[in-house]
Amino acid sequence: MWITVTIICASLIAVIFKYVFSTGGPNPFEIDTREPLKPRVTVKKEKNKVLKQGFLASKIPENLDAIVIGSGIGGLGVAVLLAKVGKRVLVLEQHDRAGGCCHTFTEKGFEFDVGIHYIGDLLEHKPFRCMLDQLTNGQLQWQPLDNPFDHVVIGPPENRRTYPIYSGRNHFPDELKKFFPGEEAAIDEYMRLVKKTGRGVWFLALLKLVPLPLAKFLVYTGLANYLSSFFRMASRSLTDVVNELTENKDLRAVFSYCFGTYGNMPKDASFSMHSLLICHYMTGAWYPIGGASEIAYHMIPIIEKAGGAVLVRATVNRILFNSKKEAVGVSVIKGQEEIHVHAPIVISDAGIFNTYNKLLPKELQAMPAIKKQLGMLKHGEGGLSVFLGLNGTKEELGLKADNYYIFSENNVDELFETYMKGEREKSAISMPLLFAASPSAKDPTCVERSPGKSTLSLVSFAKYEWFEEWKDDKVKNRSAAYQELKQIFCDSILEVVMSVFPKITRDKVELIELGTPITNAHYIASPKGEIYGADHGTTRFSPECNATLRPQTPLKNLYLTGQDVFLCGFAGALAGALSCGSAILHRNLHLDAIAMAKKMKSINTKKLE
Ligand SMILES: Cc1cc2nc3c(=O)[nH]c(=O)nc-3n(C[C@H](O)[C@H](O)[C@H](O)COP(=O)(O)OP(=O)(O)OC[C@H]3O[C@@H](n4cnc5c(N)ncnc54)[C@H](O)[C@@H]3O)c2cc1C
Ligand SMILES: *[C@@H]1O[C@H](CO)[C@@H](O)[C@H](O)[C@H]1NC(C)=O
Ligand SMILES: *[C@@H]1O[C@H](CO)[C@@H](O)[C@H](O)[C@H]1NC(C)=O
Ligand SMILES: CC(=O)N[C@H]1CO[C@H](CO)[C@@H](O)[C@@H]1O
């Protein structure tokens with residue numbers, strides 16, 4: 001008996017090793033490709049030459065190695081990884097500019113990003129930073145936020161409590177303790193749990209790397225739970241864990257404050273997902289200098305240099321398959337015409353729902369394996385974004401390089417549930433959560449680009465169904481009723497903004513734009529206006545989902561990348577790209593990125609000596 005067990009264990013370990021340390025294909029992080037910093041291009045026309053290359057049949061490179069559907073960070077990320085090993089990749093984007101959630105737009109002279117407010121884990125010489133440096137040839141620069149980088153604001157104006165969130169392993173809990181005397185033990189225990197759980201995420205990457213039968217074995221035998229704290233805590237809700245730690249309602253809210261960054265109210269959120277976010281920002285928070293569009297702007301040339309292209313206004317309407325159910329290319333709608341583009345590999349960054357429900361032929365949609373995967377996932381909550389253009393400098397308006405999570409009270413679960421389930425007109429005037437941040441105050445180059453002006457972005461959630469009836473109206477010309485509903489949201493949001501930022505008065509507001517779930521559906525093609533793709537609640541980490549949601553699909557030569565493969569957020573979607581690249585190149589790119597970081601660090605230490 002023991003001999004059998006030992007043999008099984010030994011072969012298991014051998015197989016895991018084979019996949020974890022496999023170095024089959026070429027390594028995109030083999031050589032350091034950073035170039036000396038070039039002067040920043042700020043002229044919009046020049047940037048658009050890169051970001052807005054319209055689709056034309058004549059621009060399709062020949063002999064493609066792969067096609068990527070969607071130009072979010074998940075799509076561009078895997079395209080750059082493949083380009084770095086000489087592959088010719090075509091990225092196709094339905095919007096009129098590249099970037100997905102990382103795109104920016106300009107309205108009345110104000111520039112706004114859509115989906116990048118702050119990114120963590122960017123300390124120099126750490127793997128994530130090194131990887132991004134390589135993916136942008138060292139041209140993308142990062143500006144740290146202030147410390148405290150987040151503020152949790154709870155309660156109505158007459159009884160408002162504000163708690164600062166600092167980065168730094170000790171700084172964060174030490175500062176919290178000053179606000180919650182007597183709660184030291186709860187805070188320490190919270191930190192211990194968060195760190196332990198967050199550290200276990202390597203196992204999620206491993207599950208997506210090893211062959212499916214092995215992943216299933218690890219999950220169903222409970223070995224995954226045994227080996228990784230991330231998995232052990234994944235099925236526990238944030239509310240559950242936090243309520244065990246303290247009776248203090250404000251502290252409970254502070255412990256759960258950033259659930260807006262993955263979109264599940266604390267009682268539905270997975271404690272593991274939350275821990276990951278807290279860990280992500282523990283070493284600090286950063287913003288891309290020059291705005292979010294710099295990300296795609298510095299990645300596209302690398303794809304082009306290898307013979308590939310990134311083309312926009314290129315809506316893929318279906319994926320092409322041969323009779324053996326192997327993906328062989330895509331079809332792009334151009335006017336009334338369908339243009340077919342062929343490649344041996346098709347990668348989708350369009351999200352799992354779009355890919356399976358919209359881009360597969362009916363008979364493949366009906367495949368049990370496809371239906372099963374879709375059945376495990378839910379659409380995430382719809383997003384609501386407000387873009388404010390303000391007359392005044394950051395000093396005049398009291399804006400800083402930080403973020404605000406504004407809660408109407410500390411019973412977060414209750415308020416959020418009432419809001420999401422409520423009637424839309426009622427919910428519009430009782431928003432439980434608003435995220436607020438000033439992109440212009442975070443970006444030091446904004447002063448040059450629009451002197452005397454500032455921007456403030458706000459994010460919250462909304463039901464897709466509240467707006468669904470107008471989804472087929474023309475985007476810039478929806479009905480008056482839609483505008484009226486938007487106005488109710490805008491007015492109530494503006495009230496909150498003016499109370500939290502007293503220097504912002506009505507006369508300072510030059511522009512107010514509200515994006516609803518149907519806006520998201522248009523610009524980033526999220527089917528239900530989701531803010532973060534598929535739902536991240538505890539079921540996302542169900543054993544079945546844990547094991548089978550991976551870059552490989554049930555269809556040969558069709559791969560998934562981006563936030564639905566790994567987790568949401570810039571870093572999560574990029575991890576999806578790394579997992580996808582690993583599957584295609586047959587090597588562990590996570591480890592390659594870590595090895596590159598080690599090399600960079602040692603080179604730098606030598607230089608200093
Ligand atoms: C309001 C908001 C705020 C956020 N704030 C932060 C933050 O502060 N920090 C952070 O880390 N993350 C943040 N995120 C999350 C982060 O931006 C996303 O998780 C991540 O960028 C998703 O990348 P992706 O590549 O998976 O998907 P996306 O960026 O959504 O890219 C998918 C692309 O596919 C295209 N597409 C879809 N269908 C087709 C088709 N048929 N043909 C062609 N193209 C198609 C879409 O147009 C889109 O460009 C935020 C997101 C939002 C919406
Ligand atoms: C902006 O404010 C300044 C004074 O602070 C004023 O002179 C100017 O007219 C304002 N601009 C707009 C567009 O409101
Ligand atoms: C906007 O829609 C209305 C009808 O709802 C129509 O009369 C009008 O011409 C449209 N305007 C534009 C610019 O499309
Ligand atoms: C490996 C594994 O099974 N991890 C988690 C997957 O999801 C369930 C909850 O739905 C957890 O219990 C597991 O720990």
Side-chain angles (χ1 to χ4, degrees), residues 28 51 66-84 87 89-95 97-103 113-116 119 128 131-132 134-136 140 204-205 208-209 261-263 276 280 288 292-293 295-300 302-303 308 310 312 314 316 319 330 345-356 359 377 380 520 523-527 530-536 540 549-553 558-585 589-590 593:
L51 295 169
I67 296 169
V68 178
I69 308 166
S71 66
I73 187 63
L76 290 178
V78 71
V80 169
L81 289 170
L82 295 177
K84 277 181 170 280
K87 305 239 183 266
V89 187
L90 172 65
V91 181
L92 297 168
E93 168 59 46
Q94 58 98 28
H95 191 20
R97 64 203 70 189
C101 287
C102 303
H103 83 260
D113 338 294
V114 176
I116 296 297
I119 297 173
F128 184 55
M131 180 174 72
L132 273 173
Q134 295 301 324
L135 295 182
T136 54
L140 184 60
L204 188 63
K208 294 184 192 297
L209 221 55
T261 55
Y262 49 82
L276 213 54
H280 183 61
S293 65
I295 298 168
Y297 181 70
H298 292 300
M299 293 175 85
I300 292 172
I302 304 176
I303 299 166
V310 179
V312 304
V316 171
I319 299 169
V330 302
I345 290 176
V346 176
I347 302 166
S348 179
D349 180 44
I352 193 163
F353 287 108
N354 277 334
T355 309
Y356 289 175
L359 302 181
L377 294 168
N520 284 354
Y523 290 108
I524 54 171
S526 52
E530 297 91 328
I531 178 165
Y532 304 120
D535 186 74
H536 282 73
R540 170 89 173 240
L549 194 63
R550 46 178 44 226
Q552 293 93 334
T553 67
L558 175 63
Y559 294 84
L560 300 173
T561 181
Q563 60 190 353
D564 285 358
V565 173
F566 207 88
L567 295 168
C568 73
F570 181 83
L574 200 52
L578 227 56
S579 299
C580 185
S582 301
I584 292 170
L585 296 175
L589 299 184
H590 300 276

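Side chains included, hydrogens not; waters and symmetry mates left out as well; all remaining heavy atoms used. Predicted model, so just to flag it, every value in this text is computed and none were measured.
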*Asks:* Kindly give the heavy-atom pair with the smallest separation between Gly581 and Val78, and that separation in Å.
*Replies:*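 Taking Gly581 first and Val78 second, the nearest heavy atoms are N-CG2, 3.9 Å.
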*Asks:* For a 4.5 angstrom cut-off between non-hydrogen side-chain atoms, does Ile347 reach Cys580?
*Replies:*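 Counting from C-beta outward, Ile347 and Cys580 do come under 4.5 Å.
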*Asks:* Please answer whether the main-chain N or O of Gly99 pairs with a side-chain N or O of Ser71 as donor and acceptor at a distance below 3.5 Å.
*Replies:*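 Yes; judged by distance alone, with no hydrogens or angles, the pair exists.
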*Asks:* Verify, without hydrogens or angle tests, whether Asp113 (side chain) and His103 (backbone) share a donor-acceptor contact under 3.5 angstrom.
*Replies:*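 Not at all, since once roles are kept as given, no pair shorter than 3.5 Å links the two residues.
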*Asks:* Quick check for you: to the nearest 0.5 Å, what is the distance between Ser293 atom OG and Ile116 atom CD1?
*Replies:*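 Ser293 atom OG to Ile116 atom CD1 measures 11.0 Å (nearest 0.5 Å).
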*Asks:* Drop me the distance from Leu558's CG to Gln552's CD, to the nearest 0.5 angstrom.
*Replies:*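 Here the interatomic distance stands at 11.0 Å.
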*Asks:* To the nearest 0.5 Å, what is the distance between CG on Asp535 and SG on Cys568?
*Replies:*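 Atom-to-atom, Asp535:CG and Cys568:SG are 10.0 Å apart.
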*Asks:* Tell me if the centroids of the rings in His536 and Tyr262 come within less than 6.0 Å of each other.
*Replies:*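 Distance test on ring centres: not under 6.0 Å, no.
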*Asks:* When you compare the side chain of Leu549 with that of Lys208, does any pair of heavy atoms fall below 4.5 Å?
*Replies:*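 The answer is yes; the side chains approach within 4.5 Å.
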*Asks:* So how far is it from Thr136 OG1 to Met131 CE, rounded to the nearest 0.5 Å?
*Replies:*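 If I round to the nearest 0.5 Å, the distance is 10.5 Å.
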*Asks:* Could you pull out the closest heavy-atom pair between Tyr523 and Gln94, with the gap in Å?
*Replies:*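 Smallest interatomic distance, heavy atoms only, reads O-NE2, 3.2 Å.
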*Asks:* Tell me whether the rings of Phe128 and Phe570 are parallel (<30°), tilted (30 to 60°) or perpendicular (>60°).
*Replies:*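 Ring orientation, 0 to 90° scale: perpendicular.
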*Asks:* Do Ile67 and Val89 touch side chain to side chain, with heavy atoms closer than 4.5 Å?
*Replies:*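 Ile67 does not reach Val89 side chain to side chain.
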*Asks:* Can any side-chain N or O of His298 pair as donor or acceptor with the backbone N or O of Ile295 at less than 3.5 Å?
*Replies:*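 Flag not set: sc His298 to bb Ile295 has no pair under 3.5 Å.
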*Asks:* I'd like to know whether Leu135 forms a side-chain contact (heavy atoms from CB on, under 4.5 Å) with Met299, so could you lay out the CA-CA distance, the side-chain angles of the two residues, the decisive distance to 0.1 Å, and finally the verdict.
*Replies:* CA-CA 6 Å; Leu135 295 182; Met299 293 175 85; 4.3 Å; yes
*Asks:* Are side-chain heavy atoms of Ile584 and Tyr559 found at a separation under 4.5 Å?
*Replies:*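 Yes - at least one pair of side-chain heavy atoms lies under 4.5 Å apart.
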*Asks:* Determine yes or no for a side-chain-to-main-chain donor-acceptor pair under 3.5 angstrom, with Asp564 supplying the side chain and Ala534 the backbone.
*Replies:*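 Yes: the side chain of Asp564 pairs with the backbone of Ala534.
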*Asks:* On a heavy-atom basis, which atom in Pro527 and which in Phe353 lie closest, and how many Å separate them?
*Replies:*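 Smallest heavy-atom distance, with atoms named: CG-CB, 4.0 Å.
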*Asks:* What distance separates Leu276 CG from Leu567 CG, expressed to the nearest 0.5 Å?
*Replies:*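 Those atoms lie 6.0 Å apart.
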*Asks:* Can you find a pair of side-chain heavy atoms, one from Ile303 and one from Leu76, that are under 4.5 Å apart?
*Replies:*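 Side chain of Ile303 against side chain of Leu76, heavy atoms only: contact under 4.5 Å found.
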*Asks:* By the definition side-chain contact (heavy atoms from CB on, under 4.5 Å), identify the one residue from Val91, Asp349, Thr561, Val330 that meets it with Ile69.
*Replies:*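 Testing Ile69 for a side-chain contact (heavy atoms from CB on, under 4.5 Å) against Val91, Asp349, Thr561, Val330 leaves exactly one candidate, Val330.
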*Asks:* With a 4.5 Å limit on heavy-atom distance, are the side chains of His280 and Ile119 in contact?
*Replies:*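 SC-SC contact between His280 and Ile119 confirmed.
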*Asks:* Indicate the atoms forming the closest heavy-atom contact of Cys102 with Ile73, along with that distance.
*Replies:*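 The pair with the smallest heavy-atom distance is SG-CB, 4.3 Å.
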*Asks:* What are the two closest non-hydrogen atoms of Val316 and Leu359, and how far apart are they?
*Replies:*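 Answer, listing the atom of Val316 first, then Leu359: O-CD2, 3.3 Å.
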*Asks:* Considering all heavy atoms of both residues, which atom of Glu93 and which atom of Ala98 are nearest to each other, and what is their separation?
*Replies:*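 Where Glu93 meets Ala98 most closely, the heavy atoms are CG-CA, 4.4 Å.
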*Asks:* Which distance, rounded to the nearest 0.5 Å, do you find between the CD1 of Ile302 and the NZ of Lys84?
*Replies:*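 Separation between the atoms: 5.0 Å.
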*Asks:* Classify the angle between the aromatic ring planes of Phe566 and His590 as parallel (below 30°), tilted (30 to 60°) or perpendicular (above 60°).
*Replies:*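 The rings of Phe566 and His590 sit tilted, inter-plane angle from 30° to 60°.
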*Asks:* Could you walk me through whether Leu585 and Lys87 pass the side-chain contact (heavy atoms from CB on, under 4.5 Å) check?
*Replies:* CA-CA 11 Å; Leu585 296 175; Lys87 305 239 183 266; 4.1 Å; yes
*Asks:* Determine whether Leu377 and Tyr356 satisfy the following criterion, side-chain contact (heavy atoms from CB on, under 4.5 Å), listing intermediate values before the conclusion.
*Replies:* CA-CA 12 Å; Leu377 294 168; Tyr356 289 175; over 6 Å; no
*Asks:* Do the side chains of Leu209 and Ser579 get nearer than 4.5 Å, heavy atoms only?
*Replies:*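 Result no, sub-4.5 Å side-chain heavy-atom pair not found.
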*Asks:* Is Val68 close to Val310 at the side-chain level, that is, under 4.5 Å between some pair of heavy atoms?
*Replies:*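 Not touching, per the 4.5 Å side-chain cut-off.
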